[in-house]
Amino acid sequence: MQIDHGNLRALAAVVREGSFERAAAALHVTPSAVSQRIKTLEDRMGRLLVQRTVPARATPEGEILVHLAEQTALLEHDALGRLGVGDEAPRASIPVAVNHDSLETWFVDAAISFSARANATLDMLSEDQDHTAALLRNGSVLGAVTTLSEPVQGCRIHALGSMRYVATCTPEFHARHFSQGVSARTLAQAPVLVFNRKDALQARFARRIMRGAPWRPPVWWLPSTRAFVQATRGGLGWTMNPLMLVQAEIEAGTLVPLRARAWEDVPLYWQHWRVNSQAMNALTDAVLAAARVLVRRR
């Protein structure tokens, strides 16, 4: 059975963009053309490939074909480059999932290094590090920075090191809320900054101290890594900040740790689909080099 590559590209675009309309814009065709290509592919396969939800999602059978589409596009890009006609084709854009804090600290250095070695761009999706692996599984991305230490089926895995987070607040906030120490009682009353509903770092830190006591503090929901630091400096609450972003503030005394050893190391891994691609090899080399700033076990 042969599969039309144009139909495959339409399927991958719908899943990546989340709707038929945005997929049409990305492919420079009409939404009806995208819909027709998906219908033709579904008729050919004899099964539903896309869930018409908001956002649109691939079915389990559709995920298999999205993997094929993304890998085929990358291999096509490599082949044209080796033939010396890569400049005549549209630049490949490799979809990758990166956790928010890596994107705000070290991953852009990997992208800069990659750009010097490959005639391709990155389509970087920002997601919580505990959830980026799901984007690998459903075919939305070809590579991901993740906390998952077991390889996703069909992927290669590389240990990167750990992102160190420190529970911090201003000296004034500490004096107001933790003058009697960091305890179950004080943690239950002190305002805390949380990135979003997927962010469990603060809860994990508090749980070690609460010892089973309920933790329902006042919460500031703030989905921005940089704004997290600004809000912490402004005294809105305490939170787990990446050490790389607050090292200078801690050394200057404008932020202080909640207590001794108020840190947690979160191991990170680079996973990518097993595809014999020069572009993916260049990206992996760039990611491993940029990740040297992370904490390493001794």
Side-chain angles (χ1 to χ4, degrees), residues 1-77 89-100 103 120-148 151-155 195-200 221 223-224 271-275 277 280:
M1 176 186 293
Q2 291 186 334
I3 303 175
D4 183 273
H5 290 299
N7 296 342
L8 274 181
R9 283 194 292 270
L11 173 64
V14 168
V15 174
R16 184 172 59 251
E17 301 295 334
S19 76
F20 284 69
E21 291 75 18
R22 288 198 293 272
L27 295 173
H28 306 291
V29 298
T30 65
S32 61
V34 171
S35 181
Q36 183 58 47
R37 291 177 189 181
I38 299 299
K39 184 178 184 305
T40 299
L41 187 58
E42 289 180 330
D43 289 344
R44 180 74 169 161
M45 294 294 106
R47 62 199 72 192
L48 187 70
L49 301 175
V50 178
Q51 298 173 1
R52 272 68 168 179
T53 54
V54 180
R57 300 191 199 301
T59 64
E61 293 85 356
E63 290 176 3
I64 296 171
L65 293 182
V66 170
H67 297 164
L68 175 62
E70 297 289 9
Q71 293 186 29
T72 300
L74 190 58
L75 290 172
E76 180 181 29
H77 167 76
R91 271 198 179 198
S93 186
I94 303 175
V96 297
V98 187
N99 61 305
H100 313 293
L103 200 56
T121 60
L122 298 181
D123 181 357
M124 291 177 269
L125 307 180
S126 183
E127 178 57 279
D128 184 86
Q129 62 257 19
D130 294 334
H131 298 268
T132 51
L135 297 175
L136 268 178
R137 291 192 185 96
N138 68 23
S140 297
V141 299
L142 290 178
V145 177
T146 176
T147 56
L148 185 65
V152 171
Q153 185 176 3
C155 289
F195 191 92
N196 59 25
R197 269 68 179 179
K198 298 176 182 178
D199 180 8
W221 300 98
S224 167
Q271 296 209 37
H272 62 87
W273 281 94
R274 293 179 180 272
V275 53
S277 160
M280 182 58 75

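Just so it is clear, the values below take in all heavy atoms, side chains as well, and ignore hydrogens, waters and symmetry mates. Bear in mind that the values here come from a model prediction, so they are computed numbers and not experimental data.
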- Is there a side-chain contact between T59 and Q51, using heavy atoms and a 4.5 Å cut-off? yes
- Item | Least distance between heavy atoms, V141 atom then A97 atom | CG1-N, 3.8 Å
- Looking only at heavy atoms, what is the nearest atom pair of T132 and V145, with distance? OG1-O, 2.7 Å
- Task: With rounding to the nearest 0.5 Å, note down the distance linking OG1 in T72 to CG in L65.
- Result: 10.0 Å
- Which distance, rounded to the nearest 0.5 Å, do you find between the CD1 of I38 and the CG of D43? 11.5 Å
- Message: Quick one, V29 with R37, criterion side chain to side chain contact (heavy atoms under 4.5 Å, CB included). Give me CA distance, side-chain angles, the key distance, then yes/no.
- Response: CA-CA 11 Å; V29 298; R37 291 177 189 181; 3.8 Å; yes
- Aromatic rings W273 and H67: how do their planes relate, parallel, tilted or perpendicular, breaks at 30° and 60°? tilted
- Message: Just verifying a value: how many Å separate H131 NE2 and T147 OG1, rounded to the nearest 0.5 Å?
- Response: 8.5 Å
- Find out whether H100 and N196 are in side-chain contact, i.e. whether some heavy atom of one side chain is under 4.5 Å from a heavy atom of the other. yes
- Output every pair passing salt bridge (charged side-chain N to carboxylate O under 4.0 Å, His left out) with a member in residues 53-73, not counting sequence neighbours, ordered by first then second residue. R16-E70
- Query: Where is the tightest heavy-atom contact between L27 and A10, given as atom of each residue plus distance?
  - Reply: CD1-CA, 3.8 Å
- Rounded to the nearest 0.5 Å, the CG atom of D4 sits from the CG atom of L41 at a distance of 8.5 Å
- Query: Does the side chain to side chain contact (heavy atoms under 4.5 Å, CB included) test come out yes or no for R44 and I3, once each step is laid out?
  - Reply: CA-CA 8 Å; R44 180 74 169 161; I3 303 175; 5.6 Å; no
- Query: Atom CD in Q271, atom CG in L148: separation rounded to 0.5 Å?
  - Reply: 5.5 Å
For residues 17-25, please give each side-chain donor-acceptor pair under 3.5 Å, one per line with the distance, not counting sequence neighbours.
residue : atom : partner : partner atom : Å
S19     : OG   : R22     : N            : 3.0
R22     : NE   : E17     : O            : 2.8
R22     : NH2  : E17     : O            : 2.8

- For residues T40 and Q36, is any side-chain donor paired with an opposing acceptor at under 3.5 Å? yes
- Message: Would you compute the distance between atom CG of N99 and atom NZ of K198 and round it to the nearest 0.5 angstrom?
- Response: 12.5 Å
- Item | Exercise: identify the closest heavy-atom pair between V66 and A58 | CG2-CB, 4.4 Å
